[in-house]
Amino acid sequence: MAKDTLTITDNRTGQNYEVPIEDGTIKAIDLRQIKVSSDDFGLMTYDPAFMNTAACRSAITYIDGDRGILRYRGYPIEQLAEQASFLEVAYLLGEGELPTRAQLDTWTETIKFHTYVHTNITKFLEGFRYDAHPMGMMLGAVGALSTFYPDAKNIHDPANRYLQRVRLLAKGPTIAAFAFRHSRGLPFVFPDNDLDYIGNFVNMTFSIGGRHKANKVLQRALEILLILHADHEQNCSTSAVRAVGSSHVDPFSAISAGIAALYGPLHGGANEAVLLMLDEIGEKKNIPKFIEEVKAGRGRLMGFGHRVYKSYDPRAKLIKRVADDVFRETGLNPKLEIALELERIALEDEYFIKRKLYPNVDFYSGLIYQAMGYPTEYFTVLFALGRMPGWLAQWEEMLLDKDQKIARPRQVFIGHGERPFVPIDKR
Ligand code: ACO
């Protein structure tokens with residue numbers, strides 16, 4: 001019977017070491033005993049971008065990147081997208097189980113109760129320039145919420161953490177809608193708690209002179225998109241939330257770090273970048289030239305490729321179906337044709353096949369958001385609203401994990417050795 005250990009021979013010293021293997025991993029700290037001399041610091045692993053390092057144990061989201069599987073708390077994403085509401089999924093991610101009807105009713109009412117924001121928030125949102133990027137407004141405003149709720153610092157009290165999680169889920173859409181209205185020069189619309197979570201958000205965003213006339217197909221499509229974005233295990237923004245939260249700062253500050261990470265074009269900002277790319281391509285006949293440029297290393301095919309998925313992103317498959325529902329209501333987005341053709345060509349091209357580059361969640365989501373009436377720079381805000389339950393669940397899990405400490409990676413120092421200071425007139 002094979003032992004669950006790894007035997008390492010250090011060829012520098014000839015010494016053998018045996019380290020335990022648990023859950024398909026070895027503990028990096030077990031390598032520290034491997035030294036060439038007693039004053040040696042000990043062996044470390046070098047893993048920029050965490051390509052092969054598990055930074056936590058998590059029970060929230062499971063991904064099998066080769067087989068295109070995504071599950072929240074064990075439930076397949078396909079079933080959740082089809083049958084659950086966004087608040088049900090948020091409850092599932094945070095509490096670990098699907099709510100009973102009574103639990104869901106209480107949860108929904110609790111969230112509704114916290115949708116309002118202090119009116120001073122409207123004052124500092126008004127201070128942003130008319131053309132401020134809504135993600136910049138969002139991350140600033142969510143970070144600023146910590147000053148309205150100083151009690152949020154009390155992160156060791158479970159009831160207090162629950163309250164802040166509710167506040168973030170409830171006030172996220174209000175702030176997001178305010179950011180939208182600011183860009184348009186429209187007056188802010190406060191929450192209407194007769195509406196459901198999605199309906200209220202859409203109303204705060206689009207209503208002019210009375211309640212916005214709801215289109216149930218579009219609202220359900222938006223809800224599905226938010227569900228598909230709700231968590232994705234240890235991605236860049238979630239890792240940011242965990243790392244910043246590991247300093248025991250309040251959750252508003254930690255989540256605002258997640259929003260900042262999501263803003264980047266290699267992460268959530270990719271949905272915006274896809275639309276800019278489609279605009280730049282302009283017409284179908286320009287696609288082959290564009291693909292050649294990408295293959296020559298001049299630019300990337302945005303919305304393609306993923307660190308974990310090496311097959312079709314299951315979310316992208318579901319989003320294509322949502323797109324059909326939406327375009328039946330709104331008419332076809334003319335850029336869809338270019339996107340479909342790009343996908344067809346890329347999936348047949350040796351460059352993309354060899355590198356296992358498939359459409360990711362962002363490839364089609366932007367086209368849908370655009371058809372729903374959201375401007376390009378707003379797409380990542382919608383992603384942030386969807387990801388909020390995941391960030392909060394991961395933050396809570398990190399705080400309760402006895403293995404976790406303040407996140408503090410090591411480095412391999414490659415700079416100068418000690419050298420004497422040179423006065424300015426001698427340089
Ligand atoms: N277009 C063209 N080539 C690509 C692309 C792409 N979109 N993505 C990866 N490649 C190539 C790289 O050039 C590299 O080729 P090489 O081996 O010849 O050097 C190879 O594929 C591997 O790429 P890496 O950058 O090493 O892969 P990594 O896992 O670090 O990056 C990432 C993943 C950032 C998502 C990347 O695929 C990318 O930049 N995609 C475009 C941006 C995007 O769509 N981001 C959204 C991701 S999903 C999300 O965050 C919600």
Side-chain angles (χ1 to χ4, degrees), residues 47-53 61 63 65-66 68 70 72 77 81 135 224-241 257-278 280-281 287-320 322 338-339 342-369 376 378-391 394:
D47 189 12
F50 303 106
M51 298 285 288
N52 196 38
T53 294
T61 290
I63 303 176
D66 292 325
L70 170 61
Y72 299 159
I77 190 66
M135 277 301 271
I224 294 174
L225 287 174
L226 297 191
I227 292 172
L228 297 181
H229 286 87
D231 194 46
H232 214 231
E233 51 116 308
Q234 308 313 313
N235 57 87
C236 177
S237 56
T238 301
S239 304
V241 170
I259 298 173
L262 191 72
Y263 193 176
L266 294 189
H267 190 13
N271 52 19
E272 182 179 344
V274 169
L275 262 281
L276 299 176
M277 172 187 78
L278 295 176
E280 191 190 314
I281 294 173
I287 293 176
K289 189 165 163 270
F290 175 79
I291 295 274
E292 284 317 308
E293 291 284 308
V294 167
K295 285 159 62 177
R298 290 186 287 275
R300 288 199 161 191
L301 178 48
M302 299 313 286
F304 257 67
H306 199 275
R307 173 64 58 78
V308 179
Y309 292 119
K310 299 302 168 197
S311 67
Y312 215 100
D313 182 336
R315 301 168 300 171
K317 254 189 222 161
L318 293 163
I319 283 179
K320 265 179 110 169
V322 174
I338 302 177
L342 259 180
E343 178 186 343
R344 191 190 63 76
I345 294 181
L347 292 182
E348 286 173 2
D349 191 295
E350 189 51 32
Y351 174 94
F352 297 90
I353 295 170
K354 207 174 105 200
R355 291 169 179 79
K356 299 190 175 165
L357 300 170
Y358 293 87
N360 59 48
V361 68
D362 284 326
F363 193 65
Y364 288 105
S365 63
L367 289 167
I368 302 176
Y369 293 143
T376 315
Y378 199 71
F379 300 167
T380 317
V381 172
L382 297 167
F383 190 158
L385 292 183
R387 185 54 55 88
M388 191 68 83
W391 287 331
Q394 300 270 354

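Throughout, residue positions are numbered sequentially from 1 according to the sequence presented. In each ligand, atom 1 is the first atom listed, and ligand 1 is the first ligand listed.
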List in chain and number order the residues that pass side chain to side chain donor-acceptor pair (under 3.5 Å) with S365, two or more places apart in sequence or in another chain; answer none if no residue qualifies.
none
Can you pull every nitrogen or oxygen pair between ligand 1 and the protein closer than 3.5 angstrom?
{"unit_1": "ligand 1", "atom_1": "1 (N)", "unit_2": "L301", "atom_2": "N", "d": "3.0"}
{"unit_1": "ligand 1", "atom_1": "3 (N)", "unit_2": "Y351", "atom_2": "OH", "d": "2.9"}
{"unit_1": "ligand 1", "atom_1": "7 (N)", "unit_2": "L301", "atom_2": "O", "d": "2.8"}
{"unit_1": "ligand 1", "atom_1": "7 (N)", "unit_2": "F304", "atom_2": "O", "d": "3.0"}
{"unit_1": "ligand 1", "atom_1": "13 (O)", "unit_2": "R300", "atom_2": "NH2", "d": "3.3"}
{"unit_1": "ligand 1", "atom_1": "15 (O)", "unit_2": "R355", "atom_2": "NE", "d": "3.1"}
{"unit_1": "ligand 1", "atom_1": "18 (O)", "unit_2": "R355", "atom_2": "NE", "d": "3.1"}
{"unit_1": "ligand 1", "atom_1": "18 (O)", "unit_2": "R355", "atom_2": "NH2", "d": "2.9"}
{"unit_1": "ligand 1", "atom_1": "25 (O)", "unit_2": "R300", "atom_2": "NH1", "d": "3.1"}
{"unit_1": "ligand 1", "atom_1": "25 (O)", "unit_2": "R300", "atom_2": "NH2", "d": "3.0"}
{"unit_1": "ligand 1", "atom_1": "29 (O)", "unit_2": "R307", "atom_2": "NE", "d": "2.8"}
{"unit_1": "ligand 1", "atom_1": "30 (O)", "unit_2": "R307", "atom_2": "NH2", "d": "2.9"}
{"unit_1": "ligand 1", "atom_1": "39 (O)", "unit_2": "R300", "atom_2": "NH1", "d": "2.7"}
{"unit_1": "ligand 1", "atom_1": "40 (N)", "unit_2": "F304", "atom_2": "O", "d": "2.9"}
{"unit_1": "ligand 1", "atom_1": "44 (O)", "unit_2": "G303", "atom_2": "N", "d": "2.8"}
{"unit_1": "ligand 1", "atom_1": "44 (O)", "unit_2": "N360", "atom_2": "ND2", "d": "2.9"}
{"unit_1": "ligand 1", "atom_1": "45 (N)", "unit_2": "L266", "atom_2": "O", "d": "3.1"}
{"unit_1": "ligand 1", "atom_1": "50 (O)", "unit_2": "H267", "atom_2": "ND1", "d": "2.9"}

So F383 and H267, would you call those rings parallel, tilted or perpendicular, with 30° and 60° as cut-offs?
perpendicular
Considering residues, nucleotides and ligands other than Y351, do more than 12 of their heavy atoms fall under 6.0 Å from its OH?
yes
Can you list every salt bridge (charged side-chain N to carboxylate O under 4.0 Å, His left out) pair that touches residues 291-306, not counting sequence neighbours?
E292-K295, E293-R298, K295-D349
Using the salt bridge (Lys or Arg N to Asp or Glu O under 4.0 Å) criterion, which residues pair with E348? Sequence neighbours excluded.
R344
Is the ring pair H229/Y369 parallel, tilted or perpendicular, if the boundaries are 30 and 60 degrees?
tilted
